[in-house]
Number of protein chains: 2
Amino acid sequence: MAHKTRPVILRAFRGIDGFASARELHAQAVGNGDALGLATVYRELRRMVSEEIVDVVHDLDGEARYRHCDEAHHHHLVCERCGLTREIAGEEIETWIIGVAQSAGFHQIRHTIELVGLCSTCAS
Amino acid sequence: MAHKTRPVILRAFRGIDGFASARELHAQAVGNGDALGLATVYRELRRMVSEEIVDVVHDLDGEARYRHCDEAHHHHLVCERCGLTREIAGEEIETWIIGVAQSAGFHQIRHTIELVGLCSTCAS
DNA sequence: CACCATTTTGATAACGGTTCTCATTTGTCC
DNA sequence: GGACAAATGAGAACCGTTATCAAAATGGTG
């Protein structure tokens, strides 16, 4: 069976940094020249999540955001005034989370971390 | 200044263990004999979230689940299956965040941290 | 109490993300 | 090629949430 959808999704993930919504992935795929329907994107993402190839978290509005598991996991610091974004190396926090989860007996922990504030220029 | 809604919501929270959806809170309030509309429940919950009186997380389907939180700032570990909730002492993470913000020159950082997974019983 | 201005409420419509439906297309096997 | 099975996608349906707006409750004032 040809399964042409999955490679298209994986290529779309490669063109996006970090987490992406289903709609963003669809737009990226179309931009890549891979024509496919939104329903197919949702269906394939659901499969990939159940196969644990893709992580899913929900933003504050409840919208699902997906991330290919093989990518490096990092967080962002966002300026709420000018939109400046800065990547954070989150080694520390990942280990902290794993420790917290283990001591509570929790498994398969997903986390969302959102840091918003004012960058140095906007603060002055 | 009537504000009769908030006490009704708080009473509904008292009758529920852990996190509850808006619909569950509405049903609980009605069960308590407090008649009110679903729209009012959503509106008051939004207010309480913005006042940081209530915590909100999202389950696997993206549905919002609320919890009354009268303590200061803290985080939760939530089981996405049974709703079991565990409070996390987050001293470590607060200092980590402050450090990250300082080194990036950011000020007035607000943060959202959401940890969702499977508790030990649901994992087996 | 009567009156008006302001706020709150709630039934319902609208909205948006996700899932479902099903006719059509595509792939596989003989 | 022909027949059967799987995959696809356009649009409908679904469901939680938010917006709308008229009615009701409240507060202040004379």
Side-chain angles (χ1 to χ4, degrees), chain A residues 1-13 16 18-68 110 112 114, chain B residues 1-13 16 18-68 78 80-81 83 112 114 116:
Chain A
M1 199 82 342
H3 276 310
K4 82 176 176 187
T5 298
R6 180 154 306 184
V8 167
I9 299 289
L10 289 174
R11 203 173 318 147
F13 267 121
I16 290 182
F19 281 85
S21 69
R23 213 167 277 273
E24 286 166 354
L25 282 163
H26 178 247
Q28 178 69 35
V30 171
N32 288 345
D34 301 314
L36 84 171
L38 188 55
T40 305
V41 171
Y42 276 108
R43 187 163 35 217
E44 192 63 30
L45 283 173
R46 236 179 302 145
R47 275 184 204 138
M48 294 170 91
V49 167
S50 76
E51 293 174 33
E52 299 187 354
I53 295 171
V54 159
D55 281 339
V56 56
V57 299
H58 291 94
D59 66 15
L60 286 181
D61 298 324
E63 186 176 7
R65 304 190 68 77
Y66 305 87
R67 169 173 66 94
H68 186 212
R110 312 187 312 268
T112 310
E114 202 177 282
Chain B
M1 49 113 260
H3 276 313
K4 81 175 178 191
T5 298
R6 180 155 304 186
V8 167
I9 299 288
L10 290 173
R11 203 174 317 148
F13 267 120
I16 289 182
F19 280 83
S21 68
R23 212 166 279 274
E24 285 166 355
L25 282 163
H26 178 247
Q28 178 70 33
V30 170
N32 288 345
D34 300 315
L36 83 171
L38 188 55
T40 305
V41 172
Y42 276 107
R43 185 163 35 218
E44 192 62 31
L45 283 173
R46 236 178 302 145
R47 276 184 204 139
M48 294 170 90
V49 167
S50 76
E51 293 175 34
E52 300 186 354
I53 296 170
V54 158
D55 282 338
V56 56
V57 299
H58 291 94
D59 66 13
L60 272 188
D61 299 325
E63 187 176 4
R65 304 190 67 78
Y66 304 87
R67 184 194 205 224
H68 183 214
V78 186
E80 65 193 359
R81 182 96 170 281
T112 310
E114 198 176 292
V116 187

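Shown here are the side-chain hydrogen bond (donor to acceptor under 3.5 Å, both in side chains) partners of A:Asn32, two or more places apart in sequence or in another chain: A:Gln28. Every residue meeting the side-chain contact (heavy atoms from CB on, under 4.5 Å) condition with A:Val56, not counting sequence neighbours, appears here in chain and number order: A:Val49, A:Ala64, A:Tyr66. Remark: B:Arg11 pairs with B:Asp34 by the salt bridge (Lys or Arg N to Asp or Glu O under 4.0 Å) rule, at least two apart or across chains. For B:Glu63, there are no salt bridge (Lys or Arg N to Asp or Glu O under 4.0 Å) partners at least two apart in sequence or on another chain. Residues forming a side-chain contact (heavy atoms from CB on, under 4.5 Å) with B:Arg47 (at least two apart in sequence, or on another chain): B:Arg6, B:Arg43, B:Glu44, B:Glu51.
When side chains are defined from C-beta on, B:Asp55 does not count as touching B:Arg65, because their heavy atoms never get closer than 4.5 Å.
Checked against D:dT17, D:dT8, C:dT18, the side chain of B:Ala22 finds its nearest nucleotide in D:dT17. Checked against D:dG16, D:dT8, C:dT18, the side chain of B:Glu63 finds its nearest nucleotide in D:dG16.
Following rounding to the nearest Å, B:Arg47 (CZ) and D:dT18 (P) show an atom-to-atom distance of 13 Å. Here D:dC15 presents its P atom at 18 Å from NE2 of B:His58, a figure rounded to the nearest Å. Atom CG of B:Leu25 is separated from atom P of D:dG16 by 14 Å (rounded to the nearest Å). As rounded to whole Å, 11 Å separates atom C1' of D:dA10 from atom NE2 of A:His26.
Contact annotation: B:Ser21 side-chain N/O to D:dG16 OP1/OP2 distance is not under 4.0 Å. Between B:Thr5 and C:dT8, a side-chain N or O to OP1/OP2 separation shorter than 4.0 Å is absent.
Proximity of residues 32-45 of chain B to DNA chain C (heavy atom under 4.0 angstrom from any strand atom) is restricted to B:Ala35, B:Leu36, B:Gly37, B:Ala39, B:Thr40, B:Arg43.
Comparing B:Arg6 and B:Asp61 along DNA chain C, the residue whose closest nucleotide (by nearest heavy atom) sits nearer the 5' end is B:Arg6.
Counting any heavy atom pair closer than 4.0 Å across all strands shown, A:Arg46 reaches sugar-phosphate atoms only and no base atom.
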